[in-house]
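Below: one structure, written as structure tokens.
The structure presented is a predicted model; accordingly, all values stated were derived computationally and were not measured. Residues: numbered from 1 along the sequence shown.
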Amino acid sequence: MAGVNKVILVGHLGRDPEIATTQSGSKLATLNVATSESWRDKATGERRERTEWHRVVIYNDTFVGVAERFLKKGSHVFVEGQLGTRKWTDKQGVERFTTEIVMRPYRGDLAILDRAEKAPAPDENAYGSTRTRDAAPAHADGVDDEIPF
């Protein structure tokens, strides 16, 4: 039986995307995505919050282009990828490991969740399934085809 390796994040970028070029000449983008949860402390009644930081590495050319053109620090994003662990040796010769969310070619999804006024919508023809997720587009004939369940 095959396993499932899927990660979905909805969060905000902690800094502008980092764009790099590999030795083979293809581009990659690295995002630092913050996800937060908040709750009210039962004992004190105070509001508490915990933020987790996630490193997202994009190898998909389409999504690298979207990240480079449209994302910036503070952007609200939806990211779907796979959990991956990378091993490397640092300058002191110590082996290091990094766990990150990876978006490989033809896998995963990236959507800009900011309001349309803040983030321009990518051209769907140029970027495939990339989209902003504000609201469903209105139909030209004015009919709302939403299914009520």
Side-chain angles (χ1 to χ4, degrees), residues 1-137 146-147 149:
M1 177 178 206
V4 175
N5 181 354
K6 184 175 187 177
V7 176
I8 295 175
L9 299 174
V10 175
H12 290 89
L13 297 187
R15 60 179 169 209
D16 290 345
E18 297 172 18
I19 308 299
T21 304
T22 66
Q23 291 177 346
S24 65
S26 59
K27 285 187 173 181
L28 66 91
T30 303
L31 310 178
N32 290 295
V33 179
T35 57
S36 298
E37 63 177 318
S38 62
W39 68 95
R40 189 163 303 282
D41 188 303
K42 290 181 182 180
T44 65
E46 292 180 31
R47 168 97 41 234
R48 301 277 187 197
E49 185 173 337
R50 177 176 35 238
T51 301
E52 290 287 335
W53 288 94
H54 312 276
R55 180 182 169 96
V56 178
V57 181
I58 305 172
Y59 295 100
N60 179 315
D61 290 337
T62 299
F63 295 130
V64 169
V66 170
E68 188 172 29
R69 290 180 58 200
F70 300 109
L71 296 181
K72 64 184 183 311
K73 179 180 179 177
S75 293
H76 192 203
V77 294
F78 168 94
V79 174
E80 180 183 313
Q82 295 180 311
L83 200 58
T85 303
R86 212 171 21 95
K87 178 175 134 179
W88 81 96
T89 305
D90 69 12
K91 293 176 183 176
Q92 290 76 31
V94 177
E95 283 189 352
R96 302 279 184 178
F97 294 87
T98 298
T99 301
E100 53 202 8
I101 291 81
V102 180
M103 293 175 61
R104 292 185 175 84
Y106 311 109
R107 294 188 185 161
D109 198 5
L110 172 66
I112 302 167
L113 301 177
D114 292 318
R115 305 196 102 199
E117 307 88 71
K118 292 182 182 176
D123 178 5
E124 191 165 329
N125 292 332
Y127 292 109
S129 68
T130 303
R131 60 208 172 270
T132 58
R133 294 194 181 182
D134 279 337
E146 296 262 339
I147 298 174
F149 53 87

For R107, give me all partners under salt bridge (charged side-chain N to carboxylate O under 4.0 Å, His left out), at least two apart in sequence or on another chain. none
For W88 versus F97, what's the shortest heavy-atom pair and its separation? CZ3-C, 3.6 Å
Does the side chain of T21 come within less than 4.5 Å of K27's, by heavy atoms? yes
Positive for side-chain contact (heavy atoms from CB on, under 4.5 Å) with V56, one of V7, L9, T30: L9
When rounded to the nearest 0.5 Å, the distance separating CG of D61 from CD of E68 is 11.0 Å
Stepwise side chain to side chain contact (heavy atoms under 4.5 Å, CB included) check, V10 with H76: CA-CA 7 Å; V10 175; H76 192 203; 3.5 Å; yes
From T22 OG1 over to L28 CG, what is the distance, rounded to the nearest 0.5 angstrom? 6.5 Å
Taking every non-hydrogen atom, the tightest pair across T51 and A34: CG2-CB, 3.8 Å
Between V64 and M103, is any pair of side-chain heavy atoms under 4.5 Å apart? no
Nearest heavy-atom pair of D90 and R96: which atoms, and what distance? OD2-NE, 3.0 Å
Give a yes or no on whether the backbone of G45 and the side-chain of R40 come within a donor-acceptor separation of less than 3.5 Å. yes
Could you pull out the closest heavy-atom pair between P105 and Y59, with the gap in Å? CG-O, 3.8 Å
Counting only N and O atoms by type, is there a donor-acceptor contact under 3.5 Å from the side chain of N5 to the main-chain atoms of L83? yes
What is the minimum heavy-atom distance between S75 and F70, and which atoms define it? OG-O, 4.3 Å
Using side-chain heavy atoms (C-beta onward) and a distance below 4.5 Å, is V57 in contact with I101? no
How many angstroms lie between CZ in R104 and CD in Q82, if you round to the nearest 0.5 Å? 5.5 Å
Go through the steps for T89 and E95 under the test side chain to side chain contact (heavy atoms under 4.5 Å, CB included), then give the verdict. CA-CA 4 Å; T89 305; E95 283 189 352; 4.1 Å; yes
Give a yes or no on whether the backbone of K72 and the side-chain of D16 come within a donor-acceptor separation of less than 3.5 Å. no
Are any non-hydrogen side-chain atoms of I112 and V66 less than 4.5 angstrom apart? yes
Within a strict 4.5 Å, meaning less than it, do heavy atoms of the N60 and Y106 side chains meet? no
Heavy-atom closest contact (A29 atom, A67 atom, distance): CB-CB, 4.1 Å
Hey, are the side chains of R47 and E49 touching, using non-hydrogen atoms and a 4.5 Å cut-off? no
First locate atom OG of S36, then atom CZ of R50, and finally report the distance between them rounded to the nearest 0.5 Å. 10.5 Å
So how far is it from T35 OG1 to H12 NE2, rounded to the nearest 0.5 Å? 11.0 Å
Please enumerate all residues that pass side chain to side chain donor-acceptor pair (under 3.5 Å) together with T98, with sequence neighbours excluded. none
